[in-house]
Amino acid sequence: MAERPEMPEAWPHTVADAEAEQERLRPFVDLADPGPETVRYVAGLDVAYEGQDEGDRLTAAVVVLDARTLDVVDQVVVRERARFPYVPGLFAFRELPPLLTALDRVRITPDLLVCDGYGLAHPRRFGLACHVGVLTGLPAIGVAKTAFVGRYDIPASERGAWAPIVERDEVVGRALRTRTGVKPVYVSQGHRISLDNACRHVLRLTPEYRLPEPIRLADRLSRSGVPAA
DNA sequence: GCGACAG
DNA sequence: ATCTTGTCGC
């Protein structure tokens, strides 16, 4: 199953429908592709909220950077109402609509997507990073700020140190230290990239802060809501 | 059954 | 996610 899935007839609006959609799309995830050795353009994706549950406004931001210099080469902001409530394990149905619209409006097609959240390290092995990857066909990585599923040992304190995240005897991701002495981030495969390569790219994209530049900048943009300011 | 639970 | 002051440290 290496092809692209068909888009759903209607966007899921119930927990049952959303879970069924994840099950339908999961087979399309490619975890065998090692992913790109080098990347030209990388996109960071993130969403900011105003309210708290359904019916609230949210702002999605996609920032495209030159992977080598980390200079911003393009950025898009999309603001709209949430179509799904926040449910752990299903939040892609909340953030995906505006993110896909934003990705569609980006002028420079990225070679890699860095998402704020999980990929494989998900209850049904289909987190946001897998979902975006499958729908766009682009390599995708999930980078989360807090633990979700699985167990892991605390990695050594030096930047670059890591420990596998294991759930049901399966390695679903890694707790990766991006800054010495700072809480690690949680990396997992989304689509078309190996876990080793994903972590390699994440470290390369994180020269100064805890979070990779693509996500850090997308987070900043989603909050300001102004692509130019 | 109860608690925990990406953003 | 968001609500929020001061404070420790490079």
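Chain letters run A, B, ... following the sequence lines, proteins first, then strands; residues in each count from 1. Fair warning: this is a prediction, and the values are worked out from it, not measured in the lab. Hydrogens, waters and symmetry mates are skipped; everything else that's a heavy atom, side chains included, is used.
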Is the count of non-hydrogen atoms from other residues, nucleotides or ligands lying under 6.0 Å from A:D153 atom CG greater than 12?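 No, the 6.0 Å shell around CG holds no more than 12 heavy atoms from other groups.
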Quick check on C:dA1: is either OP1 or OP2 less than 4.0 Å from any side-chain nitrogen or oxygen of A:R94?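 The answer is no; no side-chain N or O of A:R94 sits under 4.0 Å from OP1 or OP2.
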Once you round it to whole Å, what is the distance between [atom2] of [N] and [atom1] of [X]?
{"X": "A:H131", "N": "B:dG7", "atom1": "NE2", "atom2": "C1'", "value": "16 Å"}
{"X": "A:L45", "N": "C:dA1", "atom1": "CG", "atom2": "P", "value": "15 Å"}
{"X": "A:Y186", "N": "B:dG7", "atom1": "OH", "atom2": "C1'", "value": "15 Å"}
{"X": "A:L58", "N": "C:dA1", "atom1": "CG", "atom2": "P", "value": "13 Å"}
{"X": "A:D46", "N": "B:dG7", "atom1": "CG", "atom2": "C1'", "value": "8 Å"}
{"X": "A:L96", "N": "B:dG7", "atom1": "CG", "atom2": "P", "value": "16 Å"}
{"X": "A:D56", "N": "C:dC3", "atom1": "CG", "atom2": "P", "value": "12 Å"}

For A:Y186 and A:Y152, I'd like to know if the aromatic rings sit close, meaning centre-to-centre distance below 6.0 Å.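 Yes.
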Aromatic ring proximity A:H131/A:F93, centre distance under 6.0 Å: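 Yes, close enough.
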Shortest non-hydrogen contact from A:R210 toward A:T178: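 Residues A:R210 and A:T178, closest heavy atoms: O-OG1, 2.6 Å.
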From the options A:R24, A:R26, A:R124, select the one residue that forms a salt bridge (Lys or Arg N to Asp or Glu O under 4.0 Å) with A:E19.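 In the set A:R24, A:R26, A:R124, the residue that makes a salt bridge (Lys or Arg N to Asp or Glu O under 4.0 Å) with A:E19 is A:R124.
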Protein-nucleotides 1-6 of chain B N/O pairs under 3.5 Å:
| from | atom 1 | to | atom 2 | distance (Å) |
| --- | --- | --- | --- | --- |
| B:dA6 | OP2 | A:Y86 | OH | 2.8 |
| B:dA6 | N7 | A:G89 | N | 3.0 |
| B:dA6 | N6 | A:G89 | O | 3.0 |
| B:dA6 | N6 | A:L90 | N | 3.4 |
| B:dA6 | N6 | A:H122 | NE2 | 3.3 |
| B:dA6 | N1 | A:L128 | N | 3.3 |
| B:dA6 | N3 | A:Y118 | N | 3.0 |

Can you tell whether the side chains of A:D46 and A:R223 come within less than 4.0 Å, N to carboxylate O?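 Answer for the salt bridge query: no.
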